[in-house]
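To start, the structure under review is shown below, and the notes come after it.
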Amino acid sequence: MRASQFFIATLKEAPSDAEIVSHKLMLRAGLIRRLAGGIYTWMPMGLRVLRKVENIVREEMNRAGAVELLMPAVQPFELWEESGRGPKYGPELLRFKDRHQRDFVIGPTHEEVITDVVRRDVKSYRQLPRHFYQIQTKFRDEIRPRFGVMRGREFLMKDGYSFHTSYADLEREYRNMYDTYSRIFTRLSLQFRAVAADTGAIGGTGSHEFHVLADSGEDAIAFCPGSDYAANVELAEAVAPARVDAGVTATMEKKATPGKTKCEDVAAFLGLPLTQTVKAIAVMAEKEGGSEFVLLLLRGDHDLNEIKAQKVVGAFRFARDEEIVEALGCKAGYIGAVGFSGRVVADRSVAVMNDCVCGANEEGYHLTGVNFGRDLPQPETVADIRNVVEGDASPDGKGPLELCRGIEVGHIFQLRTKYAEALKCTFLDEQGKDQVMEMGCYGIGVSRIVGAAIEQGHDERGIIFPASIAPFAVAVVPMNYAKSEAVRAAAAALHAELLAAGIDAILDDRDERPGSMFADWELIGIPHRVVVGERGLKEGKLEYKGRRDTEATMVAVGDMAAFLKQKLCGA
RNA sequence: CGGGGUGUGGCGCAGCCCGGUAGCGCGCUUGCUUUGGGAGCAAGAUGUCGAGAGUUCGAAUCCCUCCACCCCGACCA
């Protein structure tokens with residue numbers, strides 16, 4: 001490819017509406033252009049990257065035994081009514097009517113369609129298992145599209161669906177996909193982690209998310225460096241700490257703490273560690289015929305995990321000020337469980353505390369030296385209701401947890417029979433009996449991967465693409481191309497030699513000034529650069545520089561192609 | 001949807017408070033010079049100042065309505 005015949009659309013300055021690095025760099029490098037909120041054109045340079053990601057995904061899916069097909073983007077709404085998911089998906093589902101006033105949606109996912117295909121064409125256990133996948137454009141009318149291609153409304157996704165005669169076989173395929181995904185992200189040279197996940201709206205039981213580790217990630221992940229344990233913070237279990245019975249040493253005392261409503265302030269004011277304070281969170285739990293006032297107790301340095309708490313007390317909302325005053329006779333900020341006779345749910349870490357500090361249920365006062373079983377009854381419920389924090393014990397007992405942020409680029413689910421049942425997707429078993437199929441589904445955000453790779457690979461000059469997905473592997477950059485015949489000839493010869501060797505090389509024949517050519521290729525993130533200049537040619541040499549290198553190295557003209565081939569294989 | 005912010009040539013911005021000639025840098029076009037880190041000189045082109053309504057002799061600027069976009073929360077690959 002010659003640069004003059006391609007299209008290079010680099011920008012010196014990033015449009016001001018881009019916030020995170022990958023978005024800015026993708027715009028500056030001319031990979032994408034925005035058409036509307038969350039909707040982007042993939043420019044020629046960006047499309048090359050997208051296609052490379054896509055092909056790696058395709059190769060590995062094929063290798064894993066899945067078969068590719070392509071389903072329509074437009075789906076009849078009836079299918080969504082049949083699965084019962086229409087109302088649940090809500091406004092994220094882009095709906096419209098055709099000229100006959102029939103309802104359609106632009107597919108945000110394809111469980112319904114694939115299940116419809118399979119229920120029509122697969123009738124016997126002999127045809128199972130089957131795994132179909134596609135790489136296709138999805139549309140989700142996100143509430144808040146952002147970060148460019150990371151959370152677009154229209155995006156490219158690989159979605160695969162597997163069908164089985166038994167749960168055991170689904171589990172087998174699930175493990176197969178777990179391995180396949182790991183292979184894909186490894187080939188993409190991404191730093192990633194598979195994390196146990198909540199099953200969310202799609203439903204089902206077993207589920208793992210694959211996260212690319214990056215500080216700009218939207219998800220918080222807890223992981224154990226000493227093992228392969230990793231989980232979304234919302235889901236990671238905070239294990240019960242060992243009971244440290246240093247025992248009860250203090251007597252309960254009331255201390256004036258004027259204006260100190262936060263645990264941090266109270267601890268600092270009293271000169272006690274934050275870990276000795278207990279915060280009480282007042283909620284109204286739903287109950288038949290009304291709601292119940294419940295106190296949730298957490299250690300001062302911990303945060304409530306609403307999902308976990310909901311599993312314990314049922315659906316709830318935070319109590320209003322007047323409800324708190326009515327129940328405890330005091331406003332929020334000074335509340336505690338001492339003297340409270342209603343329902344109390346304590347976090348596991350609170351249950352093992354001694355001599356703690358809590359609100360006195362009197363404005364401007366806290367209690368110190370408070371102990372369960374003496375100053376107040378043991379809490380009626382002890383449960384895990386907090387988010388894990390750095391340093392917590394890993395649930396697998398293999399050391400302390402660390403926290404990091406991640407970008408979700410893949411998600412695998414055991415759907416079980418949820419859709420197969422709703423859509424009557426059945427097969428005849430060996431006994432000729434009708435059985436509902438077990439299903440799995442497996443997604444990869446192909447376009448999101450491009451953004452995630454850039455989040456992981458960039459510097460002040462621009463993108464640093466992994467060789468596996470760079471739009472071009474090598475940029476051949478001639479100096480004074482228009483005037484120097486020797487340079488032109490040498491550049492053309494090298495370019496031809498690289499192409500013949502199957503190396504994706506681009507010859508920059510634009511006759512730009514050297515500085516702007518260098519800047520462009522560094523911005524775009526091409527991993528290897530060869531400069532062809534009269535200076536080097538006089539000594540029979542070309543100049544090589546890797547994108548991460550600080551110094552260039554001189555290589556004899558005749559050796560350059562072999563030199564690059566070796567670099568590319570090594571990478 | 002709630003909270004915060006921004007809309008001025010292709011991109012980045014100034015001008016707005018205090019109404020009166022639309023400006024700067026980059027990019028673009030042409031010519032000459034230049035050619036190893038985003039060139040120099042000269043000449044040019046490009047704006048319904050987000051849209052609509054209003055106040056005014058006069059609106060980018062003041063008032064109202066709407067729209068778009070971005071950031072922070074719930075959703076997701």
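Chain letters run A, B, ... following the sequence lines, proteins first, then strands; residues in each count from 1.
For rG58(B) and rA68(B), the P atoms lie 32 Å apart once the distance is rounded to whole Å. Going from the C1' atom of rU61(B) to that of rC72(B) covers 30 Å, rounded to whole Å. Straight-line distance between the C1' atoms of rA77(B) and rC64(B): roughly 43 Å, to the nearest whole Å. Spacing of P atoms, rC16(B) relative to rG50(B), comes out at 15 Å, to the nearest Å. Taking the C1' atom of each, rC71(B) and rC24(B) are spaced 28 Å apart, rounded to whole Å. Across rU48(B) and rC11(B), the matching P atoms stand 12 Å from one another, rounded to whole Å. The same atom, P, is picked in rU8(B) and in rA14(B); the two are 10 Å apart, to the nearest Å. Atom name P, nucleotides rG4(B) and rA43(B): the rounded distance is 50 Å, in whole Å.
Contacts of Arg153(A) with the nucleic acid, taken as non-hydrogen atoms under 4.0 Å apart, are absent. Contacts of Arg510(A) with the nucleic acid, taken as non-hydrogen atoms under 4.0 Å apart, are absent. Note on Lys483(A): a base of the nucleic acid sits closer than 4.0 angstrom, heavy atoms only. Within the 4.0 angstrom heavy-atom criterion, no nucleotide atom of any strand lies near Val446(A). Among the protein residues, Ala18(A) comes within range of no part of the nucleic acid, since none of its heavy atoms lies under 4.0 Å from any strand. The residue Arg28(A) sits close to a base: some heavy atom pair falls under 4.0 Å. Among the heavy atoms of the strands lying under 4.0 Å from Asp520(A) is at least one base atom, whether or not backbone atoms are also near. As judged by a 4.0 angstrom heavy-atom cut-off over every strand, Glu19(A) is placed among residues touching the sugar-phosphate backbone only. If you check every strand for non-hydrogen atoms under 4.0 Å, Ile143(A) touches a base. Using a 4.0 Å heavy-atom criterion, one finds that Glu306(A) contacts no nucleic acid atom at all. No engagement by Gly30(A) is indicated, since no non-hydrogen atom pair under 4.0 Å with the nucleic acid exists. Using a 4.0 Å heavy-atom criterion, one finds that Arg151(A) contacts the bases of the nucleic acid, with or without backbone contacts as well. Using a 4.0 Å heavy-atom criterion, one finds that Tyr481(A) contacts no nucleic acid atom at all. Gly410(A) comes within contact range of the sugar-phosphate backbone alone, with a heavy-atom separation under 4.0 Å but no base atom that close.
Base-pair partner of rA53(B): not found among the strands shown (Watson-Crick or G-U wobble, both distances under 3.5 Å). Of all nucleotides present, only rU30(B) satisfies the Watson-Crick or G-U wobble test against rA42(B), with each distance under 3.5 Å. Figure legend. rG9(B) is base-paired to no nucleotide; pairs are counted as Watson-Crick or G-U wobble with both atom distances under 3.5 Å. Across all strands shown, rU35(B) has no partner, as no Watson-Crick or G-U wobble contact with both distances under 3.5 Å is found. The pairing partner recorded for rC1(B) is rG73(B), the criterion being a Watson-Crick or G-U wobble arrangement whose two distances lie under 3.5 angstrom.
In this structure, Arg513(A) reaches the rA39(B) phosphate: one of its side-chain N or O atoms is under 4.0 Å from OP1 or OP2. Using a 4.0 Å cut-off, no side-chain N or O of Arg144(A) falls inside it from OP1 or OP2 of rA74(B). Between rC13(B) and Ser16(A), a contact under 4.0 Å exists linking OP1 or OP2 to a side-chain N or O.
As a whole-Å value, the separation of Glu92(A) CD from rA74(B) C1' is 11 Å. One atom, CZ of Arg535(A), and another, P of rU35(B), lie 13 Å apart when rounded to the nearest Å. Counting to the nearest Å, the P atom of rC76(B) and the CZ atom of Phe139(A) are 17 Å from each other. One interatomic measurement links the two molecules: CG of Asn480(A) to P of rG37(B), which rounds to 13 Å at whole-angstrom precision. Distance CD (Glu512(A)) to P (rG38(B)): 13 Å, rounded to an integer number of Å. If you measure from atom CD of Gln136(A) to atom P of rA77(B), you get 15 Å, rounded to the nearest angstrom. Rounded to whole Å, atom P of rC75(B) lies 18 Å from atom CE of Met157(A). Between the CG atom of Asp511(A) and the C1' atom of rG38(B) there is a distance of 15 Å, given to the nearest Å.
Two residues are said to be in side-chain contact when any heavy atoms from C-beta on lie closer than 4.5 Å; Arg130(A) and Tyr161(A) fail this criterion. Side chains of Tyr544(A) and Lys567(A) form a contact here, defined as non-hydrogen atoms less than 4.5 Å apart. The closest side-chain heavy-atom distance from Asp219(A) to Ile407(A) is not below 4.5 Å.
A donor-acceptor contact under 3.5 Å is formed by the side chain of Glu522(A) with the base of rG37(B). Scanning atom types as modelled, one donor and one acceptor separated by under 3.5 angstrom connect the side chain of Arg448(A) and the base of rC76(B). Judged by distance alone with a 3.5 Å cut-off, a donor-acceptor contact links the side chain of Asp219(A) to the base of rC76(B).
Comparing rC26(B), rC75(B), rC76(B) against the side chain of Arg140(A) picks out rC76(B) as the nearest. Comparing rC70(B), rG36(B), rA77(B) by their nearest atom to the side chain of Asp17(A) picks out rC70(B). The side chain of Arg34(A) approaches rC69(B) more closely than any other nucleotide in the set rG36(B), rC69(B), rC75(B). The Ser516(A) side chain lies nearest to rG38(B) when the options are rG12(B), rG38(B), rG73(B). Checking rC11(B), rC76(B), rG37(B) against the side-chain heavy atoms of Glu13(A) singles out rC11(B) as nearest.
Nearer the 5' end of RNA chain B, as judged by each residue's closest nucleotide, is the contact made by Pro15(A), out of Pro15(A) and Val409(A). Of the two residues near RNA chain B, Gly37(A) and Pro514(A), the one whose nearest nucleotide lies more 5' is Pro514(A).
Between atom NE2 of residue His411(A) and atom OH of residue Tyr181(A) there is a gap of 10.0 Å, rounded to the nearest 0.5 Å.
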### Message
Phe155(A) vs Arg140(A), test: side-chain contact (heavy atoms from CB on, under 4.5 Å). Steps then yes/no.
### Response
CA-CA 8 Å; Phe155(A) 59 97; Arg140(A) 293 186 189 170; 3.8 Å; yes

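The cationic atom of Arg193(A) (NZ for Lys, CZ for Arg) does not lie both less than 6.0 Å from the six-membered ring centre of Phe210(A) and within 45° of the ring axis.
A perpendicular orientation is assigned to the rings of Phe472(A) and Trp521(A), their planes being inclined by more than 60° (bins at 30° and 60°).
Ring-base stacking between Phe518(A) and rG36(B) is not satisfied when judged by a centre separation under 5.5 Å and a plane angle under 30°.
Side-chain atoms of Asp508(A) never come within 3.5 Å of backbone atoms of Ala3(A) as a donor-acceptor pair (strictly under, hydrogens ignored).
Tested against Asn55(A), the residues Glu59(A), Arg51(A), Lys52(A), Arg58(A) include a single side chain to side chain donor-acceptor pair (under 3.5 Å) partner, Arg58(A).
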Show me the donor-acceptor pairs within less than 3.5 Å that the side chains of residues 32-45 of chain A make with the rest of the protein, sequence neighbours left out.
{"residue": "Arg33(A)", "atom": "NH2", "partner": "Leu27(A)", "partner atom": "O", "Å": "2.3"}
{"residue": "Tyr40(A)", "atom": "OH", "partner": "His23(A)", "partner atom": "NE2", "Å": "3.3"}

